[in-house]
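This report refers to the structure that appears directly beneath it.
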There are 2 protein chains.
Amino acid sequence: MSKPPTPDPRRTLTLRDVSEASGVSEMTVSRVLRNRGDVSGATRERVLEAARSLGYVPNKIAGALASQRVNLVGVIIPSLSNMVFPEVMTGISEVLEDTGLQPVVGVSNYLHDREEQVIYEMLSWRPSGLILAGVEHSEAARAMLAQAGIPIVEIMDIDGTPVDSAVGISHRRAGRQMAEAIIAAGYRRIAFLGTHMPEQDTRAKKRLEGFEEALAKAGLTLVDREYYAGGSSLLQGRAMTEALLQRTPDVDFLYYSNDMIGAGGLLWCLDQGLDVPGKIGLAGFNGMELLDGLPRKLATMDACRLEIGQKSAEIIAGKRPGGVIGGEVIELTPTLDLGDTIRR
Amino acid sequence: MSKPPTPDPRRTLTLRDVSEASGVSEMTVSRVLRNRGDVSGATRERVLEAARSLGYVPNKIAGALASQRVNLVGVIIPSLSNMVFPEVMTGISEVLEDTGLQPVVGVSNYLHDREEQVIYEMLSWRPSGLILAGVEHSEAARAMLAQAGIPIVEIMDIDGTPVDSAVGISHRRAGRQMAEAIIAAGYRRIAFLGTHMPEQDTRAKKRLEGFEEALAKAGLTLVDREYYAGGSSLLQGRAMTEALLQRTPDVDFLYYSNDMIGAGGLLWCLDQGLDVPGKIGLAGFNGMELLDGLPRKLATMDACRLEIGQKSAEIIAGKRPGGVIGGEVIELTPTLDLGDTIRR
DNA sequence: CATGGTAATGATAGCGCTAACAGCGACAAG
DNA sequence: CTTGTCGCTGTTAGCGCTATCATTACCATG
């Protein structure tokens, strides 16, 4: 059996194939394909033509191994369905767009163990940087991150000690600020409604802490709380609100851990014909534009999501003014929006 | 200057470091770390201990190059903020979970050029499979996909010729079905409101085509249309609806290209005190649970998003019953939900 | 014409890992 | 005692690229 003339059309192509097809060395092909080094116009054309007609796609695995450079940036977030992270991703992509870097997303599902795995997995691809949500991580995760020798940016939250850099807001302060606004508006019998995962969604927990802190300072405490597990939805918000108001009819303010359940609560209150914001006020968190068309605008605080994405990507891409190298902590200031659900 | 005894603590570790630390060959370390081949319990322990204490993270780049195996599955979607794709991703992750495969997301922003780039980028990492939205791609993209030699699954839409496998619904039929339901309910003066990107969001376009087809069969045509560009939001839906009803006050049905703008329209209609669904009916598309808590439930059709994710991942993972190898087309059947906005 | 610079190309040696096979001791079967 | 088998470990040879350092041809300069 003789070797076939066409050496197996289904084998994936390598530089060598292109080099043979264009009559130059592999090195020259490599240079052309990466736009690096001097290559004459004629040769460049010939190589490009050969590559195109063969349908050659470079093997970045080999390239990365040889050059010790990987154009990937790992991004680890707790959830995709959250509606918070898409906007962060937008900010990241925007900035990375023209740097040659590519974001790669991993999802931790709010589980620290899972996060640790994802970090390990990501680091094993030797990315150029890592962006991850939150400053709380398992011991082992922190160790890996510290050892990795690449820029690490922890985002969303700055209440804690980052491994390297951090970009976010102080959720504790955000909670405090909201409480102050509510108290200033004259509400006194205040209740909280939110996720029942204090271990996992640390940021919601911190907001609540800040919130209660400010209440305490005014001599107040929460008159009731309602927790839930699972995803946030309008329906969930309605149900919780109904349950809480049934149990404690005389509350005059409902503080929600996020806008989605807050909006559900708002719709329920309006259905019931309650006087919002006169008799009862409501507030959420996140500034979700998506909900802007509701009959009444829910009071909220935006979390600077787009900006967080942008700044974190800038740090990874080494675009920060002043050429700072690492260990930067950027605190952003969320804006409070009283909407139509806190009286003025 | 003599070589320092500690060979530079900041250099990233390799198998060799672990092998030296544990007194066995690199090969044995490799075997332990991958749980492959026979290694005695004692040796295994020693190696794991050494790897852990050094904080060694394997280099998958080198591993992948050597083994010609990459445990990544590329997933290319048009947008993250769409709320459609997170659910697809959930289905994919679910199935891939225990296969050792990892999804990697790329975003094309509804642009064919961009998609082509992303495909190229993805293929250059030699993933084990590729899942991408839609069956319409640039010529070059189709060529690359066909050449890649890996399973390709085109999802969401099956109205077209897939490169390899496909999982989705027929949007044309979905549009038709909705039109039939609307006509059956007695509505006659029907208008369409949707995205103004017929070239990009082909699926919305196909639904509209099917919709108009069914109208035509009943001797009807759309009495008006309203297009918009940019993201979908409640506010957008409100504005469009107002504009359309101002221009054509006597329509009796509003067909929206997605639930988000449909919900906005619904809210506007309710604000205006219009008789829904008596005098005017509404319908959207997508079955977004997220909106379930609105005062009235919008008529819609779900797009089987979770199932699409699952099935596509099963194809990539080779989990399809019967051991089918490729070229499978799975058509799912969306369910019509009349909600509270089509009279019965 | 020697000299040196520059532009274009090629040869060589890995990058860090794994496939494939080879080696070796121990022990069972013939 | 030979032969085979099994369990464990090591050796060798790349995977497909790129960094680095030649090498060549060509031109300008004194």
Side-chain angles (χ1 to χ4, degrees), chain A residues 7-8 11-48 50-51 54 56-72 100 121 123-128 148-149, chain B residues 7-8 11-48 50-51 54 56-72 100 121 123-128 148-149:
Chain A
D8 178 9
R11 184 179 52 82
T12 52
L13 301 163
T14 72
L15 265 193
R16 156 152 250 117
D17 296 293
V18 183
S19 105
E20 278 169 3
S22 53
V24 297
S25 71
E26 300 178 32
M27 198 56 230
T28 300
V29 177
S30 170
R31 280 196 268 257
V32 170
L33 263 28
R34 288 177 299 145
N35 266 317
R36 207 155 300 232
D38 300 311
V39 180
S40 75
T43 312
R44 151 166 283 109
E45 281 314 310
R46 210 141 35 85
V47 169
L48 285 177
L54 288 174
Y56 173 71
V57 177
N59 185 332
K60 287 224 181 181
I61 298 192
L65 183 62
S67 68
Q68 306 281 40
R69 244 178 277 118
V70 181
N71 69 336
L72 300 177
E121 181 80 12
L123 288 181
S124 74
W125 287 101
R126 303 286 188 266
S128 297
Chain B
D8 178 8
R11 183 180 52 81
T12 52
L13 302 162
T14 73
L15 265 193
R16 156 154 249 115
D17 295 292
V18 183
S19 103
E20 280 169 2
S22 52
V24 297
S25 72
E26 300 179 31
M27 197 55 227
T28 301
V29 177
S30 171
R31 280 196 268 255
V32 170
L33 263 28
R34 289 177 300 144
N35 265 317
R36 208 156 299 241
D38 299 311
V39 180
S40 74
T43 313
R44 154 165 280 109
E45 280 314 309
R46 207 138 40 84
V47 169
L48 284 177
L54 288 173
Y56 173 72
V57 177
N59 185 333
K60 287 223 179 181
I61 300 195
L65 183 62
S67 68
Q68 304 281 44
R69 240 178 279 119
V70 181
N71 69 336
L72 300 177
E121 181 79 15
L123 288 181
S124 75
W125 287 100
R126 302 285 188 268
S128 297

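Letters A, B, ... are given to chains in the order of the sequence lines, protein chains preceding strands, and every chain is numbered from 1.
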Using a cut-off of 4.0 Å on non-hydrogen atoms, how would the nucleic acid contact of Asn59(A) be classed: base, sugar-phosphate, or nothing? sugar-phosphate

Mind checking if Arg34(B) touches a base, just sugar-phosphate, or nothing, with heavy atoms under 4.0 Å?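 Contact class for Arg34(B): sugar-phosphate only.
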
Considering only side-chain heavy atoms of [X], which listed nucleotide, [options], is closest?
X        : options                  : value
Val24(B) : dA7(C), dG10(D), dC8(D)  : dG10(D)
Thr14(A) : dC17(D), dG10(D), dT9(C) : dC17(D)
Ala66(A) : dG16(D), dT18(C), dC8(D) : dG16(D)

Whole-Å distance separating the [atom1] atom of [X] from the [atom2] atom of [N]:
X        : N       : atom1 : atom2 : result
Met27(B) : dA13(D) : CE    : C1'   : 13 Å
Ile61(B) : dC17(C) : CD1   : P     : 11 Å
Leu13(A) : dC15(D) : CG    : C1'   : 16 Å
Glu45(A) : dT9(C)  : CD    : P     : 13 Å
Leu15(A) : dA19(D) : CG    : P     : 12 Å
Asp17(A) : dG16(D) : CG    : C1'   : 11 Å
Asp38(B) : dA19(C) : CG    : C1'   : 16 Å
Lys60(B) : dT18(C) : NZ    : P     : 10 Å

For residues Trp125(A) and Val70(B), report the shortest heavy-atom separation together with the two atoms involved. CH2-CG1, 3.8 Å

Flag, side chain of Ser67(A) to backbone of Gly63(A), donor-acceptor distance under 3.5 Å: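 Present.
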
So does Val18(B) get a backbone contact from the side chain of Ser22(B), meaning a donor-acceptor N/O pair under 3.5 Å?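 Side chain of Ser22(B) to backbone of Val18(B), a donor-acceptor pair under 3.5 Å: yes, one is there.
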
Short side-chain N/O contact from [X] to OP1 or OP2 of [N], under 4.0 Å:
X        : N       : result
Gln68(A) : dC17(D) : no
Tyr56(A) : dC17(D) : yes
Ser40(B) : dC8(D)  : no
Arg69(B) : dA19(C) : yes
Ser67(B) : dT18(C) : no
Thr28(B) : dG10(D) : yes

Quick one about Arg44(B) and Ser40(B) (side-chain donor to acceptor, distance below 3.5 Å, no hydrogens or angles considered), yes or no? no

Side-chain contact test, heavy atoms from C-beta onward, threshold under 4.5 Å: evaluate it for Val29(B) versus Val24(B) and give yes or no.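 The answer is yes, as the side chains (C-beta and beyond) meet within the 4.5 Å cut-off.
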
What I'd like to find out is whether the side chain of Leu33(A) reaches to under 4.5 Å of the side chain of Leu15(A), using heavy atoms alone.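 Of all side-chain heavy-atom pairs linking Leu15(A) with Leu33(A), at least one is under 4.5 Å.
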
Ignoring hydrogens and angles, does a donor from either the side chain of Arg31(B) or the base of dG10(D) sit under 3.5 Å from an acceptor on the other? yes

Along DNA chain D (nearest heavy atom to each residue), the more 5'-positioned of Leu65(A) and Arg46(B): Arg46(B)

